[in-house]
**Student:** 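Here it is: the structure, laid out below.
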Amino acid sequence: MASSRRALGIVAFFMLLTTLASNAPSPLYALYQQRFHLSALGVTGVFAAYAGGVMVALFVIGGLSDAVGRRRVLAPALLLIGVSAVLFAVADGVGWLYAARGVQGLATGGITGAATAALVELEPSGDRQRASYLNTLMYVSGAAVGPLLFGFLAQFAPWPLHLPFLLELGLVAVALVAVRALPETVTPEARRPWRVQRPSVPRPILGPFVLAVLALSVAWGVGGLYAALSPTIDRQLLHVHSDAAAGAILFVFAAVGGITQIALRRWPSWRSISVGVLGVAVGMSLVFWGEAAQVVALFLLGTLLTGSASALAFLGSLALVNEVAPPARRAELVSAWNLVGYLSLSVPAIGVGLLSDAVGLQAATGIFTAVVAGLALVTASAVLLAPRRPLDRLSDDELAELGLNPAVAASGLG
């Protein structure tokens, strides 16, 4: 039992390290912007390179650990985190940043699939809910602590663009040693042929899937904006020239979101989505008002609400997908959901970067806020008008197409 808990702790550390590494560079973007004379579009492009790397990894090597084992995927992926840290530490041009973020994305995609599966397999009592809870806790902790740590190091420690990544390299070294002590959970008999994940949405559940990805687009769209441009907004619009403050704002955004997900995880999906997206609309309105009036307190209030609400919308989106996904095609549906998610993470941020170069950062964030608010209203209205149990409305032929017995319809969205 003790060895199982130690192994579970090792995998949890991998998840913490992964999310810490992927979120931690955000407070440094303003420094890179000054050093390499980047526009807002350049900053958002660097951020988007990460999302591209994750998407490639999820679809190309997402199921690789089922074929070769968890350790054989985790070890190289952890090594890639170290490579990305080295690329950041020696960066002397924007091309290095693109490479570092792209490699970081590949590492994140590789670790996420293998570590999530390993957490379930190593949980001593086989409690999937407990494993998912631990996964969420590590994700939230890394996403919150990473920016806070790097922001404070950049503000108060020497070598602000080097020391944080040297610390990250130290954590990677610990992880590479720890992975050797990790038992392999995929036996030779249980291994399955590897194939590229093909995103696909069965026609009978296209409606609920669209609702889920609309909510996901609202949630991750604002998350991408904060991760890519929050430090730049702090400096240019709020005149807060503190790397530590930039990291603290991102910490608050992630932390309140994680607390919300844990506290409200038992809400039905329709309630989480509708309350979440409307909360995002109100929160982003407060954020923009705070920017326009240069009132930091109002900006922070909006950040608290937006972080909490976007996490709730994400939680509802994932719950809805899980509720309607037929078991035989779950991987295809989740791949499609992830594809939309990472596009939502990067495309809106790039759009704001483009608009910033044309009309200024404040006007660009105002346009973004208006679009998000409109999308939130459409999403909330659609969810509230949709049937609570969408599978109830499918014909027997449509249920058969999903591989479901008609009696299963009663277990749909509740």
**Student:** So which heavy atom on P231 is nearest to which on A246, and how close?
**Tutor:** CB-CB, 4.0 Å
**Student:** Could you pull out all residues at least two apart from I259 that satisfy side-chain contact (heavy atoms from CB on, under 4.5 Å)?
**Tutor:** none
**Student:** So, for G82 and L169, which heavy atoms are closest and what is the spacing to 0.1 Å?
**Tutor:** O-CD2, 3.5 Å
**Student:** Taking the side chain as every heavy atom from C-beta outward, state whether F88 and E168 have any pair of such atoms under 4.5 Å apart.
**Tutor:** no
**Student:** Can I get a per-line list of side-chain donor-acceptor pairs under 3.5 Å for residues 350-369, giving both atom names and the distance, sequence neighbours left out?
**Tutor:**
unit_1, atom_1, unit_2, atom_2, d
S356, OG, V352, O, 2.7
D357, OD2, S39, OG, 3.3
T365, OG1, E291, OE1, 2.8
T365, OG1, L361, O, 3.2
T365, OG1, Q362, O, 2.8
T369, OG1, T365, O, 2.8

**Student:** Is it true that Q33 and T232 share a donor-acceptor pair across their side chains at a distance under 3.5 Å?
**Tutor:** yes
**Student:** Between T112 and T116, is there a side-chain heavy-atom distance shorter than 4.5 Å?
**Tutor:** yes
**Student:** Taking the side chain as every heavy atom from C-beta outward, state whether L119 and M15 have any pair of such atoms under 4.5 Å apart.
**Tutor:** yes
**Student:** Of the options S285, S308, S310, which is the one that meets V280 in a side chain to side chain contact (heavy atoms under 4.5 Å, CB included)?
**Tutor:** S310
**Student:** May I ask you to test the V287-T303 pair for a side-chain heavy-atom distance under 4.5 Å?
**Tutor:** yes
**Student:** Around atom CZ of R71, are there more than 12 heavy atoms of other residues, nucleotides or ligands at under 6.0 Å?
**Tutor:** yes
**Student:** Side-chain donor-acceptor pair under 3.5 Å between Y226 and S26, yes or no?
**Tutor:** no
**Student:** What residues form a salt bridge (Lys or Arg N to Asp or Glu O under 4.0 Å) with R235, not counting sequence neighbours?
**Tutor:** D243
**Student:** Report the C-alpha separation of L214 and V218 in whole Å, then their side-chain angles, then the decisive distance to 0.1 Å, and conclude whether the side-chain contact (heavy atoms from CB on, under 4.5 Å) test is met.
**Tutor:** CA-CA 6 Å; L214 282 174; V218 171; 6.0 Å; no
**Student:** Would you give the length of the straight line joining atom CG of N23 to atom CZ of F150, rounded to the nearest 0.5 angstrom?
**Tutor:** 10.5 Å
**Student:** Looking at side-chain heavy atoms only, is the closest gap between I273 and L315 below 4.5 Å?
**Tutor:** no
**Student:** Would the distance check show the side chain of Q261 and the main-chain N or O of A311 forming a donor-acceptor pair, the cut-off being under 3.5 Å?
**Tutor:** yes
**Student:** Identify the heavy atoms of A376 and A281 that sit nearest to each other, and give their distance.
**Tutor:** CB-CB, 4.0 Å
**Student:** Taking C-beta and beyond as the side chain, do V11 and R70 meet within less than 4.5 Å on heavy atoms?
**Tutor:** no
**Student:** Side chains of V383 and L320, heavy atoms from C-beta outward: is any pair under 4.5 Å?
**Tutor:** no
**Student:** Ignoring hydrogens and angles, tell me if any N or O in the side chain of R180 forms a donor-acceptor pair with the backbone of V177 under 3.5 Å.
**Tutor:** no
**Student:** Just how far is it from atom CG of L182 to atom CD1 of I10, taken to the nearest 0.5 Å?
**Tutor:** 5.5 Å
**Student:** Any donor and acceptor pair, going by atom type alone, linking the side chain of S230 with main-chain N or O of A227 inside 3.5 Å?
**Tutor:** no
**Student:** Angle between ring planes, F36 versus Y32, binned at 30° and 60°: parallel, tilted or perpendicular?
**Tutor:** parallel
**Student:** Let's go through L58 and M55 carefully: what are the C-alpha distance in whole Å and the side-chain angles of both, what is the deciding distance for side-chain contact (heavy atoms from CB on, under 4.5 Å) to 0.1 Å, and is it a yes or a no?
**Tutor:** CA-CA 5 Å; L58 285 174; M55 284 190 285; 5.6 Å; no
**Student:** Distance from S272 atom OG to W270 atom CH2, nearest 0.5 Å?
**Tutor:** 9.5 Å
**Student:** Calculate, to the nearest 0.5 Å, the distance between atoms CG and OG belonging to L339 and S344 respectively.
**Tutor:** 9.0 Å
**Student:** Take V213 and W337, measure what side-chain contact (heavy atoms from CB on, under 4.5 Å) needs, and give me the verdict at the end.
**Tutor:** CA-CA 7 Å; V213 298; W337 183 81; 4.1 Å; yes
**Student:** Is the centre of the F314 ring less than 6.0 Å from the centre of the W220 ring?
**Tutor:** yes
**Student:** Does W267, at its CH2 atom, have more than 12 non-hydrogen atoms belonging to other residues, nucleotides or ligands within less than 6.0 Å?
**Tutor:** yes
**Student:** Give the minimum heavy-atom separation between L148 and A248, together with the two atoms involved.
**Tutor:** CD1-CA, 3.7 Å
**Student:** As an exercise, state the distance from CG of L171 to CZ of F14, rounded to the nearest 0.5 Å.
**Tutor:** 12.0 Å
**Student:** Looking at every non-hydrogen atom in both residues, tell me the closest pair between V222 and T306 and how far apart they are.
**Tutor:** CG2-CG2, 4.0 Å
**Student:** Looking at every heavy atom in both R101 and Y29, which two are closest together, and how far apart are they?
**Tutor:** NE-OH, 3.1 Å
**Student:** Once rounded to the nearest 0.5 Å, what's the spacing between atom OG of S84 and atom CG of L106?
**Tutor:** 10.0 Å
**Student:** Answer yes or no: is there a side-chain heavy-atom contact under 4.5 Å between L300 and V252?
**Tutor:** no
**Student:** Begin from the C-alpha positions of Y50 and T108 and carry the test side-chain contact (heavy atoms from CB on, under 4.5 Å) through to its verdict.
**Tutor:** CA-CA 9 Å; Y50 165 78; T108 300; 3.3 Å; yes
